[in-house]
Amino acid sequence: MNPTQLAIFGSFRKGLDCCVQIYPVRHEAAAIRTPFRDFAGDFLEIYVTREGKVTDGGGTLNLFHSLRCYQDYLDYPFRADFLSRYNINEEFGEMVCTDLSPCGILLYAQGLSKLRGMFEAHPYGEEA
């Protein structure tokens, strides 16, 4: 690598570092604000329980219910493959990370971000 490439890599790494924040939330959990965006353009947050479980706190499926696209999620033919590819396991209404390695957690957050934008909302006035 030449010095310019290494400098740009260093800037990229610093940018990631600046975008990730952690703060305490209820039930002795911690929220991690990621640089990834959800469907509305907000930063995606994931949660870590006291025991070390990484989860979305139920936010993804609640979002799908509120946007009335939960059935689209259930009918997605590649759902199992998508979840597996991004280290996501659906457990009791939450999306849980299955690989707690650094790359595994990063892939999990990226997958959640992507998943939240995959299905179109169905407004109440929409005809069946």
Provide the closest heavy-atom pair for [X] versus [Y] in the form atom of the first, atom of the second, distance.
X      : Y     : value
Phe39  : Leu63 : CE2-CD1, 3.2 Å
Ala109 : Thr34 : CB-CG2, 4.1 Å
His122 : Cys69 : CD2-CA, 3.9 Å

- Message: Between Val20 and Val54, is there shared hydrophobic-cluster membership here, with clusters defined by ILVMFWY side-chain heavy atoms closer than 4.5 Å?
- Response: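 In one cluster with Val20: Val54, yes.
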- Query: Is there a chain of hydrophobic side chains (I, L, V, M, F, W, Y, each step under 4.5 Å between heavy atoms) that links Met118 to Tyr108?
  - Reply: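 Yes; Tyr108 is reachable from Met118 via cluster members.
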- Task: Enumerate the residue pairs fulfilling salt bridge (Lys or Arg N to Asp or Glu O under 4.0 Å) with a member in residues 21-33, sequence neighbours excluded, ordered by first and then second residue.
- Result: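 Non-adjacent pairs meeting salt bridge (Lys or Arg N to Asp or Glu O under 4.0 Å): Glu28-Arg50.
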- Pairs satisfying salt bridge (Lys or Arg N to Asp or Glu O under 4.0 Å), at least one member in residues 7-24, at least two apart: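 Listed once each, the pairs would be none.
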Does any N or O in the side chain of [X] come within less than 3.5 Å of the main-chain N or O of [Y], such that one atom is a donor and the other an acceptor?
X     : Y      : answer
Arg68 : Ala121 : no
Tyr47 : Gly58  : no
Thr98 : Asn89  : no
Ser11 : Ala7   : yes
Asp42 : Asp38  : no
Asn87 : Gly104 : yes

I'd like to check [X] versus [Y] (side-chain heavy atoms, cut-off strictly below 4.5 Å). Are they in contact?
X     : Y      : answer
Met95 : Leu61  : yes
Phe9  : Met1   : no
Phe82 : Lys114 : yes
Tyr86 : Leu115 : no
Ile46 : Leu112 : yes

- Item | Residues that Ala29 engages under side-chain contact (heavy atoms from CB on, under 4.5 Å), provided they are two or more places apart |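 Ala29: side-chain contact (heavy atoms from CB on, under 4.5 Å) contacts with Val25.
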- Task: Name all residues meeting the side-chain contact (heavy atoms from CB on, under 4.5 Å) criterion together with Glu94; count only those two or more places apart in sequence or in a different chain, and write none if there are none.
- Result: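 So Glu94 forms a side-chain contact (heavy atoms from CB on, under 4.5 Å) with Lys53, Thr55, Asp56, Val96.
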- Message: Applying side chain to side chain donor-acceptor pair (under 3.5 Å), can you list everything that pairs with Gln110, at least two apart in sequence or on another chain?
- Response: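 Applying side chain to side chain donor-acceptor pair (under 3.5 Å) to Gln110 gives none.
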List the atom pairs, donor and acceptor, that lie under 3.5 Å between side-chain atoms in residues 73-81 and the rest of the protein, sequence neighbours left out.
residue	atom	partner	partner atom	Å
Tyr73	OH	Glu90	OE1	2.6
Asp75	OD1	Gln71	NE2	3.0
Asp81	OD2	Arg85	NH2	2.6

- Out of Ile22, Ile32, Leu100, which residue meets the side chain to side chain contact (heavy atoms under 4.5 Å, CB included) rule with Val48?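 Exactly one candidate clears the test, Ile32.
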